[in-house]
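Scroll down for the structure; my scribbles are underneath it.
Here the structure is a predicted model, which is why all the values come from computation and not from measurement.
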Amino acid sequence: MSVDPIMLTLIQKRLDHISKYMGWAMMRTAQSPIFSESHDFSCFLSNARGDALSVADGLPIHTGGGNFAVRALLREYGDDIHDGDVFLLSDPYEAGGNHLPDWTLIRPVVVGGRLAGFATNRAHQSDIGGGAAGTYNAAATEIYHEGIRLPVLRLVEKGEVRKDLWKLLLLNSRCPELLDGDLAAMLGSTRTGRDRIADIVDELGFETTEKIFDAVLDHAQLLMKEQIETLPEGVFYGEEVSDNDCFKTVDVPVKVKLTVAGGKMHVDFTGSSPQIMGFKNSSLANTHSAVFMAVMSFFDGRPPRNQGAMRQIEITAPEGTVVNALPPAPMTMNTVHPASDIVHAVWKALAQAVPSQALAGWGKTSHCITSGRGDNGRTFVMYHWHGSSGAGAVDGRDGIPAAGQLCTLGGMSLPNVESYEQAYPIQVHHHQMREDASGAGKYRGGTGLDYSATTFVPTQYSFRGEGSRKPTGYGIVGGGDGKKGQLLLNFLSDGSAFDVPQYGVSKLDAAKVHITSPGGGGYGDPLERDPARVLRDLRDGLISRRTAEEVYGLVADLDNWVVDESATREKRAALKAAA
């Protein structure tokens with residue numbers, strides 16, 4: 001390589017730190033709990049061509065296709081980009097967005113009149129108008145029902161905020177006071193990124209910086225090539241099927257044909273479902289993000305997370321399908337579904353190639369979003385993320401009990417319960433891990449959660465029950481599936497139950513919500529699980545005595561909590577023989 005490897009490493013680490021620093025600035029200044037507590041945003045850095053150099057901060061579903069947004073900016077504005085400009089976009093069809101609620105703020109880095117790169121913050125806004133408060137309109141049948149669509153707009157022109165555009169944005173939100181502060185936080189976040197990239201250019205010079213940035217991408221490409229070469233060459237298949245189109249029961253398959261050859265990977269979605277009526281269609285940028293997330297999480301983490309690594313992966317996503325929908329298909333749900341279906345399908349194909357590295361499935365979502373009027377008279381939007389699903393297990397590690405949605409890979413935090421009770425008109429009654437919901441295995445799946453809360457005011461609900469009809473956290477290499485989830489709702493007035501739809505939007509009186517979230521899948525034969533781990537799970541209430549004995553073959557003195565090793569071996573041998 002023409003760049004000193006030590007310098008290359010230092011610059012990569014420096015770029016990653018800048019990305020994380022942008023995220024810290026965002027969390028400390030944003031108004032909405034969705035950012036300040038849950039971190040539903042992502043920061044990334046790009047070179048002057050729009051190639052992502054670092055996506056060290058945030059959620060992988062936000063950043064793997066971030067180059068689509070920056071290249072849309074370059075396509076629309078070309079040479080008309082100046083120091084002090086800041087651009088804003090969201091539209092998945094016209095502006096390289098993934099879904100409308102994720103507003104992407106892009107600040108060019110112009111040094112000495114020359115474009116050196118971009119600092120970007122993509123953040124999920126509390127509300128952007130549309131047919132349902134909180135951005136998730138489960139009744140949408142076209143994108144016009146989902147809120148304001150933003151092409152590439154110049155929000156700040158040579159350092160001056162366009163007040164007319166700013167006012168237009170606030171007028172299209174039910175939570176303008178939150179949006180006002182959150183946009184300001186996004187501007188500050190990207191400013192810190194811009195200044196620190198400019199410092200690199202000032203220190204090294206423009207040509208040297210450009211050369212090192214190119215080397216950063218080339219290095220990631222080389223490491224990804226090496227990773228792909230560890231796979232056997234051949235053709236592998238994976239499929240994941242949703243059981244609904246948001247309005248009726250119907251199979252919606254995502255099919256993957258994965259070809260490995262010559263250190264490259266071709267991911268072909270031909271044969272996947274046509275785009276559907278509901279809002280679970282994917283934009284091309286979102287599909288690229290989901291594939292990148294699936295592949296990167298399968299490998300050992302050596303390749304840096306940037307656009308260089310993606311050069312070794314070719315994606316075919318036929319137009320008009322659920323993975324590359326055509327307008328005016330709605331797609332607000334796409335970062336969750338079908339993103340999780342895409343990831344699961346790719347993981348299943350990769351598991352055929354290398355079973356020892358297989359990843360079990362994560363439980364799909366089964367919770368709701370609520371919005372109403374708080375004591376201050378303002379609209380609130382609250383996500384019941386405390387009902388998050390369990391993660392899948394891998395060889396050597398149990399699934400995480402609850403780690404947000406699959407598309408975050410644990411990058412999104414569950415908010416503090418006490419903070420929620422202060423911010424919203426609710427009371428949380430309990431929040432605990434489920435018993436017997438995790439997929440059994442040598443390494444068991446995540447437990448999922450048991451959560452209930454009362455909302456004391458009339459509220460609009462947006463329901464998302466992808467994981468409520470059947471098990472969705474699939475087991476792998478002999479592991480069991482995680483249990484399905486359930487959402488129950490009872491009115492405070494008389495205790496009567498509301499018939500909760502799998503997807504839907506409803507305005508309801510004060511009520512108590514009870515969520516049991518889906519469990520994650522297990523990895524490997526349950527009869528190979530360390531008996532001491534089984535005993536601990538039993539003692540912690542994560543599995544029942546029946547499961548410990550009949551699924552895991554445990555024999556123990558439960559008065560003294562001691563495993564009977566000899567009797568356990570005999571019982572496991574008998575269970576295997578009977579199977």
Side-chain angles (χ1 to χ4, degrees), residues 60 223-224 226-232 236 238 292-305 309 340 343-363 388-411 433-434 436-449 471-483 518-540 542-543 547-548 551-554 563 565 568-569 572 575-576:
L223 291 180
M224 178 56 84
E226 291 178 352
Q227 291 278 267
I228 294 174
E229 286 174 341
T230 65
L231 304 177
F236 309 96
F292 188 45
M293 177 174 67
V295 174
M296 292 296 283
S297 58
F298 184 82
F299 290 128
D300 63 10
R302 286 187 64 226
R305 290 171 288 174
S340 59
V343 173
H344 277 177
V346 173
W347 278 354
K348 289 176 181 179
L350 288 168
Q352 291 183 7
V354 188
S356 62
Q357 292 179 214
L359 296 92
W362 290 41
S388 291
S389 305
V394 297
D395 188 16
R397 176 184 60 75
D398 291 341
I400 302 167
Q405 298 148 15
L406 170 58
C407 62
T408 74
L409 285 181
M433 290 181 276
R434 290 182 67 185
D436 280 347
S438 56
K442 180 179 181 180
Y443 298 98
R444 61 161 176 77
T447 61
L449 298 175
T472 50
Y474 65 84
I476 203 78
V477 196
D481 296 341
K483 295 290 178 61
Y523 176 98
D525 186 349
L527 296 177
E528 295 179 6
R529 184 166 176 78
D530 183 348
R533 288 176 175 261
V534 179
L535 184 65
R536 179 173 177 176
D537 287 346
L538 176 61
R539 190 170 190 174
D540 289 344
L542 305 185
I543 60 174
T547 296
V551 177
Y552 289 102
L554 179 71
V563 174
E565 299 284 355
T568 295
R569 284 194 296 271
R572 288 182 166 184
L575 288 172
K576 286 185 178 182

(Q) Under the criterion side chain to side chain contact (heavy atoms under 4.5 Å, CB included), I'd like the reasoning laid out for Asp398 against Arg533: C-alpha separation, chi angles, the key distance, then a yes or no. (A) CA-CA 10 Å; Asp398 291 341; Arg533 288 176 175 261; 3.6 Å; yes
(Q) Could you check whether atom CZ of Arg397 has more than 12 heavy atoms from other residues, nucleotides or ligands sitting under 6.0 Å from it? (A) yes
Q: Report yes if the side chains of Phe299 and Leu223 come closer than 4.5 Å at any heavy-atom pair, otherwise no.
A: no
Q. Are more than 12 heavy atoms from other residues, nucleotides or ligands located less than 6.0 Å from atom CE of Met433?
A. no
Q.
Is there a side-chain contact between Ser438 and Leu542 in this structure, where contact means two heavy atoms from C-beta onward sitting under 4.5 Å apart?
A. no
Q.
Nearest 0.5 Å, please: how far is CG in Leu538 from OH in Tyr552?
A. 11.5 Å
Q. Taking all non-hydrogen atoms of both residues, which atom of Thr472 and which atom of Pro518 are closest, and how far apart?
A. OG1-CB, 4.2 Å
Q: Quick one: pull up CD1 in Ile543 and CZ in Arg444 and give me the separation to the nearest 0.5 Å.
A: 8.0 Å
Q. Looking only at heavy atoms, which two atoms of Leu554 and Pro531 are closest? And how far apart?
A. CD1-O, 3.9 Å
Q: Supply the atom-to-atom distance Arg569 CZ to Arg572 CZ, rounded to the nearest 0.5 angstrom.
A: 10.5 Å
Q) What's the verdict on side chain to side chain contact (heavy atoms under 4.5 Å, CB included) for Tyr523 and Val394, showing C-alpha distance, side-chain angles and the deciding distance? A) CA-CA 6 Å; Tyr523 176 98; Val394 297; 5.5 Å; no
Q. Do you know the tightest heavy-atom contact between Gly396 and Tyr443?
A. N-CE1, 3.1 Å
Q: Quick one: pull up OG in Ser388 and CD1 in Ile400 and give me the separation to the nearest 0.5 Å.
A: 11.5 Å
Q.
Looking at every non-hydrogen atom in both residues, tell me the closest pair between Pro60 and Met293 and how far apart they are.
A. CG-SD, 3.4 Å
Q: Report the distance from atom NZ of Lys348 to atom CD1 of Ile476, rounding to the nearest 0.5 Å.
A: 7.5 Å
Q) Roughly how far, to the nearest 0.5 Å, is CD of Gln227 from CE of Met224? A) 7.0 Å
**Q.** Shortest non-hydrogen contact from Lys442 toward Arg529
**A.** O-NH1, 3.1 Å
Hey, can you pull the donor-acceptor pairs under 3.5 Å for the side chains in residues 351-362, sequence neighbours left out?
unit_1	atom_1	unit_2	atom_2	d
Gln352	OE1	Tyr237	N	3.1
Gln352	NE2	Tyr237	O	2.7
Gln357	NE2	Phe298	O	3.4

(Q) Can you give me the closest heavy-atom contact between Pro526 and Val551, atom names plus distance? (A) CB-O, 3.8 Å
